[in-house]
Amino acid sequence: MLQIINIEPVKGQTAISAKWKEHPVDFKIPFTDTASVENAITCCCVLLYLGIDIQTISERMLQLKPVEMRLELKQGINNCSIINDSYSADINSLTIALDFLQQQKQHARRTLILSDILQSGKSSGDLYAGVAAILEQKNINRFIGIGPEISKQKNAFKNIEESVFFDSTADFKLQFHSQHFHNETILLKGARFFEFELISHMLEEKIHQTVLEINLNAITHNLNTYRQKLNAGVKLMAMVKAFSYGSGSFEIANLLQFNHVDYLAVAYADEGVELRKAGITLPIMVMNAEEITYDVLVHYNLEPELFSFGILTSFENYLMQGGIANYPVHIKLDTGMHRLGFEQKDIEALCSRLTATSVFKIQSVFSHFAGSDTSAHDAFTKIQAGIFLEGCEQIRKITGYTFIRHIANTSAIQRHQELQLDMVRLGIGLYGITAEPAMQQQLKNVTTLKTTVSQIKIVKAGESIGYSRKGIATKDSVIATVRIGYADGYPRQLSNGIGKMLIHGKPVPVIGNICMDMTMLDITGVHVQEGDEVIVFGEALPVSEMATLANSIPYEILTGISQRVKRVYFEE
Ligand SMILES: *Cc1c(COP(=O)(O)O)cnc(C)c1O
């Protein structure tokens, strides 16, 4: 008998002390979750029973690695979304993957392609009855079972709207076109033996070899990091304008909705429409609504920002004509940014306009800081806040009801905690970027831009590389041409040695002028082969560093990555 004496988490590890046949057994594992602790103890029992010595057990336990579980979300053929988990199939990971599938609201239909589950230790009858029960709970519309065992148990799945079975992956491939995949989210879940990658090749859109990878766990982590900094009761609006700072639209919004943020904000009405069409039901503020979009705005229940008397009047007229009352709107005050908004001198007139009509419901009043990230502007930030609070108070008095007041963007959330007010607007921080070094350490990298080497050349000293013969080889050199250029959003300012990329973890400089679709790198001294992966930016080469070299800011680089660069979402 193994008697457990103590289980203690220490710095990301768990120390387990036990006693076995009067011998002390002490070991550590590099995990802290309960399931891993239980598994490790079970393992330890078996090893002791098999006569493995205690010393070896404690050495090996510490070398354990987490099982890689990576769910990828990609654009598929015929407007499908593909969740690819084609390397494992067991009940636990199936449940996790199904949760992720449920989180996807972009398509009404959900399909699961599942292989036989191997080595479950249960009888086939029990196993697949259990699987079928889970699938019914998770609203799967179509079920495709692949494998001899699952096919034998097809009766267990008869309550699912639609189910088909194939004995092997090869059989399924022959019938692929008869399955008519379109406009649905498809989860692929197969044990390695079934080679589901053959299926994912058929389902995924073929992609140009430059991709922007988006780590969804990192977004959740960053969201929670900022949430921990919020004063009690403060709401959170997530900024998903400009294709979520370049990271995607409904994919990010789905995640934020799943994590119960209070509000989303987009710049233009069509961005909001796209989110609604993809099943996003959170309230959405539109910062720059135009008159021609009022129809879709109201049809899709999007909430405009009113920033001038012009837009106030035109929207008021529109609502009156439609006989609509109490439509949610957001009043923007200009407290010093001088971009959009009512100024201090307008407040009185604004108040009388607001009290004279019942078409609006003031959902919130807000303003925007010009320099909340810089201590040099702290005094100005305080002045902006003062003007804002005074404006809010005037509006509250005259309208007689309360509304949400918000002014803090990412940097203000943390640098001016007292200005979080009723809600904050989290933008760039969600995507893992901040100007504060201490804060940066608490955030996780979200985006990685990757490309590949298309050709390698040996160039003699004195020869030139690229357009206008700007890049001159100072010695005999090895040059790699990679599949990214300024049309993809790789700034041309990084030409001629200013920019660098990483190959196998080694920094290599840009040589010559950056072209529209390609860039040349000086890889002399680095072992590289054609087809190798190249990191343009990511955890090891922060986008903020690249932005500085390009005389830009991360906001511009991220939102400038062109749409031909495919986004791949993953969850670990
Ligand atoms: C973009 C934007 C934000 C978010 O700013 P970050 O610096 O990315 O946090 C907040 N409010 C308004 C009005 C914005 O336009």
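Start at 1 and go down the list; that is how both ligands and their atoms are numbered.
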## Note on the structure
heavy-atom search around atom 12 (C) of ligand 1 in the protein gives H368 CE1, 3.4 Å
### Message
Counting only heavy atoms closer than 4.0 Å, does ligand 1 sit against the backbone of R339, its side chain, both, or neither?
### Response
side chain
### Message
Just by distance, no angles: are the side chains of S372 and H416 close enough, under 3.5 Å, to form a donor-acceptor pair?
### Response
no
### Protein heavy atom at shortest distance from atom 7 (O) of ligand 1
Y555 OH, 2.7 Å
### Message
For the residue pair Q384 / T335, report whether a side-chain donor-acceptor contact shorter than 3.5 Å exists.
### Response
yes
### H368 vs R425 side-chain heavy atoms within contact, under 4.5 Å
yes
#### Entry: Top protein contact for atom 9 (O) of ligand 1, by heavy-atom distance
T410 OG1, 2.5 Å
### Query
Parallel, tilted or perpendicular: which describes the rings of F315 and Y327, with under 30° parallel and over 60° perpendicular?
perpendicular
### Message
With a 6.0 Å cut-off on the ring centroids, do F388 and F366 count as close?
### Response
no
### Summary
Quick note on ligand 1: atoms under 4.0 Å from a heavy atom of I428 include exactly 6 (P), 8 (O), 9 (O)
#### Entry: Protein heavy-atom partner closest to atom 11 (N) of ligand 1 - residue, atom, separation in Å
R425 NE, 2.8 Å
### Option with minimal heavy-atom separation from atom 2 (C) of ligand 1, where the choices are M239, M287, K241
K241
### Query
Can you tell me which residue and heavy atom of the protein come closest to atom 4 (C) of ligand 1, and the distance to 0.1 Å?
Y245 OH, 3.4 Å
### Message
Are L275 and S249 packed together at the side-chain level, in the sense that at least one heavy-atom pair is separated by less than 4.5 angstrom?
### Response
yes
